[in-house]
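It should be emphasised that the depicted structure is a prediction, and the values quoted were computed from it without experimental measurement. Proteins come first, then strands; the chains are lettered A, B, ... in the order of their sequence lines, and each starts at number 1.
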Amino acid sequence: MYLKGLELENFKSFKGQVDVPFIRGFTAITGPNGSGKSNCGDAIQFVLGTKSNKNIRADNSKDLIFNGGGSNRPARGCKVTLIFDNPAAEDERRSLNIDTDEVRLTRSIRLTKSNNVVSEYFLNGESSSRNHFRMLLAGANASADGYNIVLQGDVTNLARMTPSKRRKVLDKVA
Amino acid sequence: MYLKGLELENFKSFKGQVDVPFIRGFTAITGPNGSGKSNCGDAIQFVLGTKSNKNIRADNSKDLIFNGGGSNRPARGCKVTLIFDNPAAEDERRSLNIDTDEVRLTRSIRLTKSNNVVSEYFLNGESSSRNHFRMLLAGANASADGYNIVLQGDVTNLARMTPSKRRKVLDKVA
Amino acid sequence: RKKRLSAVLKEVDSNFREVYKNLSGGGKGELFLEKPDDPFKGGLSMWAKPPGKSSKVKLEQLSGGEQSMASLALIFAIQDYDPSPFYYFDEVDQNLDPINAERIATMCRLRSEKAQFIQVTLRKVSLQLADHHIGITHAGDGCSRRIANFDRERAIELGEKAFSELK
Amino acid sequence: RKKRLSAVLKEVDSNFREVYKNLSGGGKGELFLEKPDDPFKGGLSMWAKPPGKSSKVKLEQLSGGEQSMASLALIFAIQDYDPSPFYYFDEVDQNLDPINAERIATMCRLRSEKAQFIQVTLRKVSLQLADHHIGITHAGDGCSRRIANFDRERAIELGEKAFSELK
Ligand SMILES: Nc1ncnc2c1ncn2[C@@H]1O[C@H](COP(=O)(O)OP(=O)(O)OP(=O)(O)O)[C@@H](O)[C@H]1O
Ligand SMILES: Nc1ncnc2c1ncn2[C@@H]1O[C@H](COP(=O)(O)OP(=O)(O)OP(=O)(O)O)[C@@H](O)[C@H]1O
Ligand SMILES: [Mg+2]
Ligand SMILES: [Mg+2]
């Protein structure tokens, strides 16, 4: 299984819809400071279901919606889709326990007329839930906040954390 | 006034005596990972009198003494000298309030036979004290732990710290 | 399950020793439980010694680059025990000199046979070793976009442009 | 002395607006007291908006590179009010793309008329702009030494060596 790409719609600094395709192997993302590279990582964590908005550098969910940039015309909601390649193995098992060769996990938030935040989840276009996502992703070893995602500035954490925090990282893996 | 150079003797990764000369203008220090570049900054803070050994990545003062490296023959003490150019201005005042064109500030620590740590200070070769250093350096706007020294990994601190911590930085300057 | 955790840690430790020796060019690293008989009551300590250094070295004394290499070695060691389908590394080469940045990018490239690696980076060395390149820009109006027709040459050029203007 | 602190902050804020506009290529920055009538009872807030971005942007949302530039702008703003004799910057360009790394090194170079600047760096752009170069190495035995005959060319070569071996 691999992540074929992201579809970002009004997520953080991405105005309108922007597609970011990946490949099976080794991809490098680059660009100037403040261009939106780390926001792509935030988008991935947003769909995987990170425990706290702090992990994606947002005080609250409203901060995730494109704020209008220089023109100051903010959006009223945002949506991110992760597109996974999910082939069946010889024993017919798939990494994500859903019977399609491609799996689209979508999470969106939108502002209601009274400016409340509504969070929605879609699996291959059909309504789903945060818990269903969590089960699917856990089964594929792709849970949110895993050791496999290193945020900017965090690379030395594993060496600097206390022994008990480090053991807890291994507990999650075991 | 400017820092003409450092003389390091058995300080952290510096075995024996190593001189590091600077110029009046813009100096760049480079080299491989783990070579000792940040240890030079630690040496400067050591003499200026940093509040805590944690700021120079040492659990206790013994960690500052060259530990022998690969050959494992540790030293029994270490010494660092900061050499300042201290010219008299037209009004005959000098940045460091001591009447010499060059000022050598030396701090050393050594292990006694019973492995206790003894810290000593020398001003132009004569016995001095931590307090005397502090007064001289404060008068020259060169106190330890100032905003003018940015340790590795700390560059975003001023932007990320709480407003009250930031105000305290300005309190020290005012 | 105490037995299970101990078994997992034994295996990850064995992987860590291997990977760290490789990534540090001959150094030594190990993981050990503070309370081996009662793993959940203590933490997991880590020790890493780059080549040529004294075996008395403490993890806190290591340089930024050395701590980055030890942390990344642990990630690869865990991958060998229980792989994730993808690894997302945001500027993990910030602290690394060119030789170490190359070692990390090379290891990502080798391991990309078994898992997908995505590295956000500003470093030429890392860009040189990636198979696929994505350029993100914010053309001065605060809106992020993907740069079209972006490949290894254009990626490296993007960074080099500022440098060549200096000359 | 409340009056004194308010006066100092007014001046540093004015410097900060100037420096940040310069360093960010047209962005806007400001400093303001949380309690202007009682400075010591509140903190000092900072706000920075890179060019092209919305004025609603919060400091926490800025990228690593943008936060580095804002922090460095504040340091230069304080220098303009009350200079220290020397500035020691250890890898402040870790987060910076080549254009921003060049802006910082250029500002250090200009300001080195009035104060001494020492920058520890691994980045080619910063090495290119320094007047004087010191190379530190640990020739594989854990003992730090200074590299002899070290100049700008050798400094840049040290970093480039790993890269050219890739080709
Ligand atoms: N809701 C939002 N609407 C518009 N812009 C936003 C929003 N949230 C964050 N941003 C902008 O996104 C930018 C940060 O993007 P990001 O962190 O992805 O940059 P980056 O490419 O990783 O940069 P660096 O190389 O410095 O790490 C900031 O300038 C911030 O103002
Ligand atoms: N007392 C000591 N005796 C011998 N070596 C020491 C001592 N204290 C620290 N060291 C060594 O110094 C090295 C770290 O040096 P330093 O932090 O200056 O590296 P650096 O050049 O800044 O590297 P980087 O580019 O990764 O930041 C470590 O390998 C550490 O083991
Ligand atoms: Mg980033
Ligand atoms: Mg360092």
Trainee: Which answer fits N33(B), side chain, backbone, both or neither, if we ask what part of it has an atom under 4.5 Å from a heavy atom of chain D?
Mentor: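 Both the backbone and the side chain of N33(B) come within 4.5 Å of chain D.
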
Trainee: Any luck finding a side-chain donor-acceptor pair between D145(B) and T50(B) under 3.5 Å?
Mentor: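 Short answer, yes.
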
Trainee: Considering only heavy atoms and a distance below 4.5 Å, find which of F89(D), F150(D), F86(D), Y81(D) pairs most often with chain B.
Mentor: F86(D)

Trainee: Given the side-chain rings of Y147(B) and Y87(D), with only the six-membered ring counted for Trp, is the space between their centroids under 6.0 Å?
Mentor: yes

Trainee: Below 4.5 Å, heavy-atom pairs only: which of L8(B), T156(B), D154(B), N157(B) has the largest tally toward chain D?
Mentor: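 Looking at each option in turn, the highest pair count goes to T156(B).
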
Trainee: Identify which part of R160(B) has an atom lying under 4.5 Å from any heavy atom of chain D, answering side chain, backbone, both or neither.
Mentor: side chain

Trainee: Answer whether the closest heavy-atom distance between the side chains of I83(B) and E102(B) falls below 4.5 Å.
Mentor: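 The answer is yes; the side chains approach within 4.5 Å.
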
Trainee: Pick out which of R110(B), R107(B), K79(B) makes a salt bridge (charged side-chain N to carboxylate O under 4.0 Å, His left out) with E120(B).
Mentor: R110(B)

Trainee: Counting heavy-atom pairs under 4.5 Å with chain B, which one of E91(D), M69(D), R4(D), E66(D) comes out on top?
Mentor: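 Highest number of heavy-atom pairs under 4.5 Å: E91(D).
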
Trainee: Among A115(D), A7(D), C143(D), which residue has the highest count of heavy-atom pairs closer than 4.5 Å to chain B?
Mentor: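 Max contact count across the listed options: C143(D).
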
Trainee: Any idea which of K165(B), M161(B), K15(B) has the most non-hydrogen atom pairs under 4.5 angstrom with chain D?
Mentor: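 Top count of heavy-atom pairs under 4.5 Å with chain D: K15(B).
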
Trainee: Using non-hydrogen atoms and a 4.5 Å limit, figure out which bit of S95(B) sits close to chain D: side chain, backbone, both or neither.
Mentor: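 For S95(B), there is no contact with chain D at all, as no heavy atom is under 4.5 Å.
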
Trainee: Pick one of side chain, backbone, both or neither for N67(B), based on which atoms fall under 4.5 Å of a heavy atom in chain D.
Mentor: neither

Trainee: Side chain, backbone, both or neither: which part of V18(B) has a heavy atom under 4.5 Å from chain D?
Mentor: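 The side chain, not the backbone.
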
Trainee: Side chain, backbone, both or neither: which part of I44(B) has an atom under 4.5 Å from a heavy atom of chain D?
Mentor: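 For I44(B), the side chain is the part near chain D, not the backbone.
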
Trainee: Between C40(B) and F11(B), does a side-chain contact (heavy atoms from CB on, under 4.5 Å) hold up when you go through it step by step?
Mentor: CA-CA 9 Å; C40(B) 294; F11(B) 181 80; over 6 Å; no

Trainee: Before accepting this row, confirm whether a basic side-chain N of the pair R103(D)/D97(D) lies closer than 4.0 Å to the acidic partner's carboxylate O.
Mentor: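 Salt bridge flag = no for D97(D) with R103(D).
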
Trainee: What residue in V8(D), T137(D), V12(D) has the most heavy-atom pairs under 4.5 Å with chain B?
Mentor: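 Looking at each option in turn, the highest pair count goes to T137(D).
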
Trainee: Please rank L122(D), I118(D), I147(D) by heavy-atom pairs under 4.5 Å with chain B and give me the top one.
Mentor: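 Highest number of pairs under 4.5 Å: I118(D).
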
Trainee: Out of L31(D), N95(D), I75(D), which one racks up the most heavy-atom pairs below 4.5 Å with chain B?
Mentor: I75(D)

Trainee: Minimum heavy-atom separation for R109(D) and S112(D), please, with both atom names.
Mentor: O-OG, 2.5 Å

Trainee: Ring-plane angle category for F133(B) and Y121(B), please: parallel below 30°, perpendicular beyond 60°, tilted otherwise.
Mentor: perpendicular

Trainee: Heavy-atom distances under 4.5 Å only: say whether L3(B) touches chain D with side chain, backbone, both or neither.
Mentor: both

Trainee: Of the non-hydrogen atoms in R146(D) and P21(B), which two are nearest, and what is the gap between them?
Mentor: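 Scanning both residues, the minimum pair turns out to be NH1-CD, 3.2 Å.
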
